[in-house]
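These notes are about the structure you will find just below.
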Amino acid sequence: GENVEQHPSTLSVQEGDSAVIKCTYSDSASNYFPWYKQELGKRPQLIIDIRSNVGEKKDQRIAVTLNKTAKHFSLHITETQPEDSAVYFCAALNTGFQKLVFGTGTRLLVSP
Amino acid sequence: GAVVSQHPSWVICKSGTSVKIECRSLDFQATTMFWYRQFPKQSLMLMATSNEGSKATYEQGVEKDKFLINHASLTLSTLTVTSAHPEDSSFYICSENKLGSPYEQYFGPGTRLTVT
């Protein structure tokens with residue numbers, strides 16, 4: 001089955017800096033890669049996603065890149081703000097099996 | 001607005017008792033819902049896929065007789081934790097696919113279960 005690894009587990013940055021979180025996946029049939037932000041005690045919120053037919057996607061300060069050959073994808077947050085502090089999860093989905101597999105999570109702390 | 005609701009948002013029960021968690025689709029009829037479990041400071045793990053009108057599909061290592069899933073209507077799936085033990089204490093979250101999309105999932109607000 002699919003296995004998703006995520007690094008780093010914690011990331012501390014200063015406000016205004018960029019943050020990068022990386023994930024690798026094992027199943028070459030996975031074709032959808034969402035990123036979620038989860039605040040303490042809350043549900044995961046989709047912040048950006050990318051499909052396997054696209055190499056990069058950007059939405060304001062957030063961007064995601066996908067390298068299908070290497071089976072890895074990354075989340076880039078620019079101009080970080082304290083309110084970006086949360087736990088971020090990557091995930092991979094094989095739409096044939098409809099099973100979303102999550103990475104282990106990255107705790108991002110943005111200091112003012 | 002929210003498209004998936006869960007009830008209760010939190011529950012405390014005694015060891016050995018059973019607890020039922022409801023997951024409702026608010027905006028459309030969902031033939032498939034997903035149940036996840038998240039232990040403190042850990043990731044979300046898929047427990048089972050709930051299919052309307054048929055038996056749920058459980059992930060490896062999840063006891064189907066302990067975690068009973070019923071999806072009797074297109075807008076309601078329930079998860080019953082039977083004979084709960086302290087190690088079942090966790091955050092339980094359901095989700096459903098966005099209407100017309102095999103990709104994006106909407107998550108419920110979650111249910112915090114504490115077993116004493």
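So that the names make sense, note that chain A is the first sequence line, chain B the second, and so on, each numbered from 1. Remember, predicted model here, so these are calculated numbers, not experimental data.
Residues A/Val110 and A/Trp35 fall within the same hydrophobic cluster, defined by Ile, Leu, Val, Met, Phe, Trp and Tyr side chains chained together at heavy-atom separations under 4.5 Å. Put simply, A/Phe102 and A/Tyr25 are part of two different groups of oily side chains (I, L, V, M, F, W, Y) that touch within less than 4.5 Å, one to the next. Under the 4.5 Å side-chain contact rule for hydrophobic residues, B/Tyr36 and B/Phe39 do not share a cluster. Hydrophobic clustering (side-chain heavy atoms under 4.5 Å, transitive across Ile, Leu, Val, Met, Phe, Trp, Tyr) keeps A/Ile77 apart from A/Val20.
Separating the OH atom in B/Tyr103 from the CG atom in A/Asn31 is a distance of 5.0 Å, to the nearest 0.5 Å. Distance check, rounded to the nearest 0.5 Å: NZ of B/Lys41 to CG of A/Leu40 gives 9.5 Å. Considering CD of B/Gln6 and CZ of A/Arg43, their distance stands at 8.0 Å, rounded to 0.5 Å. A distance of 4.5 Å separates OH of A/Tyr36 from CZ of B/Phe107, quoted to the nearest 0.5 Å.
Around atom NE2 of B/His85, more than 12 heavy atoms belonging to other residues, nucleotides or ligands sit under 6.0 Å away. Counting non-hydrogen atoms of other residues, nucleotides and ligands closer than 6.0 Å to NZ of A/Lys71 gives a total above 12. For CD of A/Glu79, the number of neighbouring non-hydrogen atoms (other residues, nucleotides, ligands) closer than 6.0 Å is 12 at most. Shown here is B/Lys66, whose NZ atom has more than 12 heavy atoms of other residues, nucleotides or ligands within 6.0 Å. The local environment of CD in A/Gln60 is sparse, with at most 12 non-hydrogen atoms from other residues, nucleotides or ligands closer than 6.0 Å.
Heavy atoms closer than 4.5 Å to chain B are found nowhere in A/Gln6, neither backbone nor side chain. Proximity to chain A (any heavy atom under 4.5 Å) is restricted, for B/Phe91, to the side chain, taken from C-beta onward. Heavy atoms closer than 4.5 Å to chain A are found in both the backbone and the side chain of B/Leu44. Contacts of A/Pro44 with chain B are made by both backbone and side-chain atoms, with heavy-atom separations under 4.5 Å. For B/Gln38, the part lying under 4.5 angstrom from a heavy atom of chain A is the side chain only. Contacts of A/Leu100 with chain B are made by both backbone and side-chain atoms, with heavy-atom separations under 4.5 Å. The contact between B/Gln105 and chain A is made by backbone and side chain atoms together, counting heavy-atom distances below 4.5 Å.
Contact of the A/Gln38 side chain with the B/Ile93 side chain is registered, since non-hydrogen atoms from C-beta on lie closer than 4.5 Å. Using a 4.5 Å heavy-atom cutoff, the side chains of B/Glu104 and A/Tyr32 are in contact.
With B/Ser43 contributing its side chain and A/Gly105 its backbone, the two residues share no donor-acceptor pair below 3.5 Å.
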